[in-house]
Amino acid sequence: GENVEQHPSTLSVQEGDSAVIKCTYSDSASNYFPWYKQELGKRPQLIIDIRSNVGEKKDQRIAVTLNKTAKHFSLHITETQPEDSAVYFCAALGGGGNKLTFGTGTQLKVEL
Amino acid sequence: GAVVSQHPSRVICKSGTSVKIECRSLDFQATTMFWYRQFPKQSLMLMATSNEGSKATYEQGVEKDKFLINHASLTLSTLTVTSAHPEDSSFYICSARDGAGLNSPLHFGNGTRLTVT
């Protein structure tokens with residue numbers, strides 16, 4: 001089955017700096033890669049996603065890149081703000097098409 | 001946007017009792033729903049895939065007789081934790097895909113915090 005690894009597990013940045021979270025996946029047939037933001041005790045919220053036919057996608061301060069050859073994808077948050085502090089999960093939809101496998105999560109802390 | 005409603009949000013039960021959690025898609029039909037479990041500071045682990053009108057598909061290591069799933073309609077799936085024990089205490093989250101395509105966005109319920117005493 002699919003295996004998704006995520007790094008780093010914790011990340012502290014100063015407000016206004018950029019944050020980068022990286023994930024790798026094992027199933028070369030995976031074709032959909034969403035990113036979720038989860039605040040403490042709440043549901044994961046989809047913040048951006050990318051499909052395998054696209055190399056990069058941007059939405060305001062958030063961008064995601066995908067390297068299919070290397071089987072890794074990254075989340076980039078620019079001009080970070082305190083409200084960006086949360087746990088971020090990457091995920092990959094396997095080649096079987098139905099199951100979403102999550103990474104281990106990154107605790108992002110944006111400090112004033 | 002698509003909304004997935006999950007109830008209850010919190011439940012405390014005694015060891016040995018059963019707890020039912022409901023997951024509803026409010027403004028779309030979901031032939032497939034997913035049940036996840038999340039332990040503190042850990043990732044979401046898929047427990048089972050709930051299929052409307054048929055048996056659920058369980059992930060390896062998840063006991064189907066302990067975690068009963070019923071998906072009787074296109075908008076409702078239920079997870080029953082039977083004979084709950086303290087080690088079952090966790091955050092249970094359901095999700096449903098909005099749209100027929102396998103790449104359609106996955107929307108999550110608010111989760112249920114289960115505490116077994």
Side-chain angles (χ1 to χ4, degrees), chain A residues 1-10 21 23-25 27 29-54 57 59 64 66 73 86-109, chain B residues 1-7 9-10 21 23 25-26 30-52 54 56-62 90-115:
Chain A
E2 176 70 279
N3 182 47
V4 178
E5 295 188 358
Q6 183 172 347
H7 300 280
S9 56
T10 60
I21 303 170
C23 288
T24 60
Y25 60 99
D27 186 351
S30 290
N31 53 20
Y32 175 64
F33 308 91
W35 285 88
Y36 290 87
K37 175 183 179 182
Q38 187 180 30
E39 298 178 354
L40 189 63
K42 296 187 177 180
R43 75 175 96 187
Q45 298 270 19
L46 178 70
I47 56 172
I48 195 168
D49 57 13
I50 190 167
R51 306 186 192 283
S52 59
N53 59 345
V54 176
K57 183 177 178 180
D59 182 4
V64 58
L66 171 65
F73 55 114
V87 178
Y88 290 81
F89 291 98
C90 63
L93 188 68
N98 203 27
K99 296 192 296 186
L100 204 58
T101 301
F102 285 83
T104 47
T106 297
Q107 174 76 61
L108 173 65
K109 184 177 181 182
Chain B
V3 176
V4 175
S5 175
Q6 185 174 344
H7 293 280
S9 58
R10 290 179 179 272
I21 304 170
C23 181
S25 57
L26 295 187
T31 55
T32 303
M33 292 185 177
F34 304 90
W35 287 96
Y36 290 86
R37 179 168 53 184
Q38 186 178 32
F39 291 108
K41 298 188 178 181
Q42 293 190 21
S43 188
L44 288 86
M45 300 301 296
L46 180 65
M47 298 175 65
T49 302
S50 172
N51 305 298
E52 187 269 335
S54 64
T57 304
Y58 290 82
E59 294 301 300
Q60 190 173 8
V62 178
S90 187
F91 192 50
Y92 292 85
I93 313 176
C94 69
S95 66
R97 187 171 285 129
D98 176 18
L102 294 176
N103 290 350
S104 300
L106 199 63
H107 299 280
F108 287 88
N110 276 327
T112 298
R113 176 75 59 192
L114 172 62
T115 302

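Treat the numbers as computed from the prediction; the structure is a model and nothing was measured. Below, chain A is the first sequence line, B the second, and so on; all start at residue 1.
B:Phe34 has its side chain out of reach of A:Leu100: every pair of non-hydrogen atoms, C-beta onward, lies at least 4.5 Å apart. The side-chain heavy atoms of A:Gln38 and B:Phe108, taken from C-beta on, include no pair separated by under 4.5 Å.
Residues meeting the side-chain contact (heavy atoms from CB on, under 4.5 Å) test with B:Thr57, sequence neighbours left out: B:Thr49, B:Asn51.
When all heavy atoms are compared, the tightest approach of B:Leu46 to A:Lys99 is CD2-CD, 3.5 Å. Counting all heavy atoms, side chain and backbone alike, A:Pro44 lies closest to B:Ile93 at CD-CD1, 4.0 Å. Closest approach of B:Phe91 to A:Lys42, counting heavy atoms only: CE2-O, 3.9 Å.
Taking CG from A:Leu40 and NZ from B:Lys41, the interatomic distance works out to 9.5 Å, rounded to the nearest 0.5 Å. Rounding to the nearest 0.5 angstrom, the gap separating the CD atom in B:Gln38 from the CZ atom in A:Phe102 is 9.0 Å.
Judged by distance alone, the side chain of B:Ser43 and the main-chain N or O of A:Gly103 form a donor-acceptor pair under 3.5 Å.
The greatest number of non-hydrogen atom pairs below 4.5 Å with chain A, out of B:Glu59, B:Arg113, B:Gln42, is found for B:Glu59.
B:Gln60 does not touch chain A: none of its heavy atoms, backbone or side chain, sits under 4.5 Å away.
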